[in-house]
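In the text below, chain A, chain B and the rest are named by the order of the sequence lines, each starting its count at 1.
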Amino acid sequence: MLQVAFIRQNVDLVKRRLAVRNFAEIGLIDSIINLDDFRKKLQAENDQILSEVNSTSKEIGQLMAKGEKDKANDMKKKVADLKLSLQPISDKLDETEKQLMDIIVRIPNVPSEKVPPGKTPADNIVVREGGNKPNLPAGAVPHWDLAAKYNLINFELGNKITGSGFPLYVNKGSKLQRALIQYFLDYNTAAGYTEYLPPFMVNEQSAFGTGQLPDKEGQMYFVNEDKLYLIPTAEVPVTNIYRDEIVKELPVKMTAYTPCFRREAGSYGKDVRGLNRVHQFDKVEIVQLTHPAKSYDALEEMVLHVEKLLNNLNLQYRILKLCGGDMGFTSALTYDFEVYSAAQQKWLEVSSVSNFESFQTNRMKIRFRDENGKPQLAHSLNGSSLALPRIVACLLENNQTENAINIPEVLHKYFGSSQIKS
RNA sequence: GGUGAGGUGGAUGAGUGGCUGAAAUCAGCAGUUUGCUAAACUGCCGUACGGGUUAAACUGUACCGAGGGUUCGAAUCCCUCCCUCACCGCCA
């Protein structure tokens with residue numbers, strides 16, 4: 001969430017930039033400032049009365065010690081009156097703070113000045129393309145057919161066991177998952193990211209910290225009995241490792257493999273065929289906490305990091321800079337990576353790399369000490385490196401031959417062979 | 001799940017109603033001493049929201065797991081919840 005102090009100092013900028021993401025702020029920014037003014041006024045009154053209560057109580061203590069009971073009793077009456085007058089003010093203060101919070105929590109992040117305007121994915125800007133266009137043999141088929149042909153993924157059984165969108169990987173299909181996860185983690189740790197294997201469920205506070213709550217309430221699976229959310233991404237548990245910390249040394253670089261659970265409420269149709277959109281999938285994530293002055297350098301570094309991974313896998317890809325309208329709630333700048341699915345003839349998103357600036361860290365109170373020793377909010381960033389299902393879809397489709405699927409060289413040592421045959 | 005003991009600042013740990021935002025020690029920071037390192041000594045060493053200031057200084061309030069309550073006054077007493085540890089039960 002945005003810092004009130006930042007909003008106050010940059011009213012016009014905040015309004016202008018929120019417009020870039022087509023957020024209709026409808027006077028909310030002005031309300032924030034008005035409420036904050038009111039809050040300050042109330043707090044001043046509240047503190048003033050409390051101060052009197054405290055000092056009077058102290059006097060009572062001294063009077064009692066001296067045995068001056070009558071005087072003390074008079075003072076008690078005074079305190080009672082003070083408290084009576086305090087009640088409405090303190091109630092109003094609580095209420096105002098709550099109102100203020102309710103609004104702030106629903107304001108999305110302010111886009112960076114680098115974010116292009118636009119409303120739909122069509123307005124995203126292709127930053128660059130890379131990799132080689134695959135040469136498919138005649139009769140090439142989409143991955144769901146390949147998955148069946150080589151017995152790699154059984155969607156029907158996943159459906160039977162759980163429901164649609166919960167694929168069951170089998171044999172080499174399962175091993176390919178394992179190989180990819182292992183490779184991605186090794187690649188990330190080699191680049192200095194510390195590996196974690198976090199819990200796959202988080203509490204409400206963690207889900208709030210990274211911005212899933214209240215914005216994405218209905219998109220997460222919720223275990224009512226224990227009030228826990230199944231994570232939609234490793235970003236949630238991993239970033240929350242540093243919640244309420246004043247970090248000693250920046251940057252912090254973390255990576256984790258986790259399954260990800262997403263209800264994907266409201267998305268049906270051809271987009272959900274095969275591995276294109278599922279409720280449970282595997283992903284390896286990278287997360288960084290940085291000094292505010294260095295977060296955009298870190299973002300570019302992460303983009304290059306993910307790009308190299310796609311190059312290593314020999315996939316045709318493109319990098320998009322998301323327009324204001326297509327960005328997530330918490331992001332200040334996002335690059336999406338898409339790989340080309342040759343058999344489906346479409347681009348599939350496999351990674352999203354974002355700088356959240358202090359939007360998440362303000363919620364989580366992740367700080368560092370500046371030159372003056374004052375706590376300041378760090379910046380947080382994350383990106384997928386990578387989400388597996390669509391990578392698998394493209395690997396299968398793009399590397400299919402008439403009677404085998406070739407495995408990219410970097411995976412050979414993890415996969416144990418160079419081909420999948422029937 | 002049951003019983004018992006606990007949750008205090010970066011760490012250890014004192015504190016059972018006012019003199020405690022919190023002793024002491026360690027770690028950390030600054031300095032003095034010192035061939036170097038080490039040691040010794042001195043000072044500093046919580047966060048948030050306000051007021052104040054160019055910035056400080058200074059100052060008000062809150063915070064001792066979370067939330068309520070009792071009281072003129074709560075880290076300290078009471079209630080609820082959460083968590084940790086030990087033992088028992090159950091179980092991968």
Side-chain angles (χ1 to χ4, degrees), chain A residues 1-9 32-105 197-209 213 222-229 237 240-250 252 289 358-378:
Chain A
M1 62 195 179
L2 300 175
Q3 296 178 82
V4 176
F6 176 82
I7 294 174
R8 297 192 73 112
Q9 286 157 19
I32 287 173
I33 291 168
N34 290 335
L35 279 169
D36 192 48
D37 284 339
F38 193 41
R39 193 206 101 237
K40 285 187 190 182
K41 179 173 157 279
L42 288 169
Q43 193 189 327
E45 290 174 27
N46 184 71
D47 287 0
Q48 221 258 315
I49 296 172
L50 275 175
S51 176
E52 270 185 71
V53 168
N54 287 344
S55 60
T56 311
S57 294
K58 228 165 234 181
E59 284 179 53
I60 292 171
Q62 282 156 6
L63 289 172
M64 302 280 272
K66 280 189 271 181
E68 301 184 43
K69 278 236 162 113
D70 293 346
K71 266 192 182 173
N73 282 328
D74 286 350
M75 300 281 248
K76 283 189 195 180
K77 227 171 270 168
K78 185 184 160 194
V79 174
D81 288 346
L82 282 171
K83 288 202 134 179
L84 225 54
S85 67
L86 178 68
Q87 195 60 49
I89 295 168
S90 118
D91 286 350
K92 195 80 193 154
L93 179 60
D94 290 348
E95 188 192 322
T96 305
E97 282 175 345
K98 193 176 168 301
Q99 284 174 352
L100 189 55
M101 197 60 168
D102 282 348
I103 296 177
I104 291 173
V105 142
L197 201 155
F200 301 157
M201 293 191 223
V202 293
N203 56 31
E204 186 187 339
Q205 214 186 342
S206 292
F208 173 80
L213 291 180
F222 182 59
V223 181
N224 192 49
E225 185 80 10
D226 298 291
K227 309 292 177 212
L228 296 174
Y229 294 86
N240 272 283
I241 291 171
Y242 282 90
R243 169 151 50 85
D244 294 321
E245 291 265 333
I246 297 177
V247 182
K248 284 266 161 54
E249 223 184 306
L250 294 174
V252 172
L289 303 173
S358 59
F359 193 86
Q360 294 183 323
T361 55
N362 186 35
R363 288 185 172 200
M364 286 182 280
K365 300 290 171 259
I366 299 178
R367 285 113 74 209
F368 68 99
R369 287 189 191 278
D370 65 16
E371 323 68 72
N372 303 315
K374 284 264 166 60
Q376 301 280 344
L377 294 176

What does the B/S/- profile of [range] look like, 5' to 3', with a 4.0 Å heavy-atom cutoff to protein?
{"range": "nucleotides 18-23 of chain B", "result": "B-----"}
{"range": "nucleotides 45-64 of chain B", "result": "-SSSBS-----S---BSS--"}
{"range": "nucleotides 76-83 of chain B", "result": "--------"}

Please answer whether the main-chain N or O of A:Arg243 pairs with a side-chain N or O of A:Asn240 as donor and acceptor at a distance below 3.5 Å.
-> no
Is the side chain of A:Ser55 donor-acceptor paired with the backbone N or O of A:Ser51 at a distance under 3.5 Å, no angle test?
->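 Such a contact is found between A:Ser55 side chain and A:Ser51 backbone.
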Please state how far atom CG in A:Leu82 lies from atom P in B:G73, giving the value in whole angstrom units.
-> 11 Å
Between atom CD in A:Glu68 and atom P in B:C72, what is the gap in whole Å?
->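 Between P of B:C72 and CD of A:Glu68: 19 Å.
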Given the [atom1] atoms of [N] and [M], what is the spacing between them in whole Å?
{"N": "B:U32", "M": "B:G51", "atom1": "P", "answer": "39 Å"}
{"N": "B:G9", "M": "B:A86", "atom1": "C1'", "answer": "27 Å"}
{"N": "B:G28", "M": "B:U37", "atom1": "P", "answer": "15 Å"}
{"N": "B:C85", "M": "B:U80", "atom1": "P", "answer": "23 Å"}
{"N": "B:A24", "M": "B:C78", "atom1": "P", "answer": "29 Å"}
{"N": "B:C81", "M": "B:G7", "atom1": "C1'", "answer": "14 Å"}
{"N": "B:C63", "M": "B:A22", "atom1": "C1'", "answer": "12 Å"}
{"N": "B:C64", "M": "B:A48", "atom1": "C1'", "answer": "15 Å"}

Considering Watson-Crick and G-U wobble pairs with both distances under 3.5 Å, what does [N] pair with?
{"N": "B:C29", "result": "B:G43"}
{"N": "B:G4", "result": "B:C85"}
{"N": "B:G35", "result": "none"}
{"N": "B:U20", "result": "none"}
{"N": "B:G9", "result": "none"}
{"N": "B:U54", "result": "none"}

Evaluate the salt bridge (Lys or Arg N to Asp or Glu O under 4.0 Å) criterion for residues A:Lys76 and A:Asp81: first the C-alpha distance (whole Å), next the side-chain angles of each, then the deciding distance (0.1 Å), finally the verdict.
-> CA-CA 9 Å; A:Lys76 283 189 195 180; A:Asp81 288 346; over 6 Å; no
Please report the C-alpha distance between A:Tyr242 and A:Val252 in whole Å, then the side-chain angles of each, then the deciding distance to 0.1 Å, and finally whether the side chain to side chain contact (heavy atoms under 4.5 Å, CB included) criterion is met.
-> CA-CA 10 Å; A:Tyr242 282 90; A:Val252 172; 3.5 Å; yes
Would you list the atom pairs, donor with acceptor, under 3.5 Å between side chains in residues 86-96 of chain A and any protein atom, with sequence neighbours excluded?
unit_1, atom_1, unit_2, atom_2, d
A:Gln87, NE2, A:Asp91, OD1, 3.2
A:Glu95, OE2, A:Gln99, NE2, 3.3
A:Thr96, OG1, A:Lys92, O, 2.6

Tell me which donor-acceptor pairs under 3.5 Å the side chains of residues 362-374 of chain A have, and how far apart each pair is, sequence neighbours excluded?
unit_1, atom_1, unit_2, atom_2, d
A:Asn362, OD1, A:Lys365, NZ, 3.2
A:Asn362, ND2, A:Met1, O, 2.9
A:Asn362, ND2, A:Leu2, O, 3.4
A:Arg363, NH1, A:Phe208, O, 2.8
A:Arg363, NH1, A:Leu213, O, 2.8
A:Arg363, NH2, A:Val105, O, 3.2
A:Lys365, NZ, A:Asn362, O, 2.3
A:Arg367, NH1, A:Lys365, O, 3.4
A:Arg369, NH1, A:Gly373, O, 3.0
A:Asp370, OD1, A:Asn372, N, 2.9
A:Asp370, OD1, A:Gly373, N, 3.1
A:Asp370, OD1, A:Lys374, N, 2.9
A:Asp370, OD2, A:Gln376, NE2, 2.9

Salt bridge flag under 4.0 Å for residues A:Asp102 and A:Lys98 = yes
Using 4.0 Å as the upper bound for N to carboxylate O, is an ion pair formed by A:Arg39 and A:Asp36?
-> yes
Step-by-step side chain to side chain contact (heavy atoms under 4.5 Å, CB included) determination, A:Met75 to A:Leu63 = CA-CA 10 Å; A:Met75 300 281 248; A:Leu63 289 172; 4.0 Å; yes
Side-chain heavy atoms of A:Val202 within contact of A:Leu228, under 4.5 Å =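 A side-chain contact under 4.5 Å is absent here.
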Salt bridge (Lys or Arg N to Asp or Glu O under 4.0 Å) against A:Lys71, all qualifying residues, sequence neighbours excluded |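 A:Lys71: salt bridge (Lys or Arg N to Asp or Glu O under 4.0 Å) contacts with A:Glu68.
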Just checking, is any N or O donor in the side chain of A:Asn203 or A:Ser206 under 3.5 Å from an acceptor N or O on the other one?
->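 There is such a pair (donor and acceptor under 3.5 Å, judged by atom type) between the side chains of A:Asn203 and A:Ser206.
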Please state whether the phosphate of B:G28, meaning OP1 or OP2, lies under 4.0 angstrom from any side-chain nitrogen or oxygen of A:Lys248.
-> no
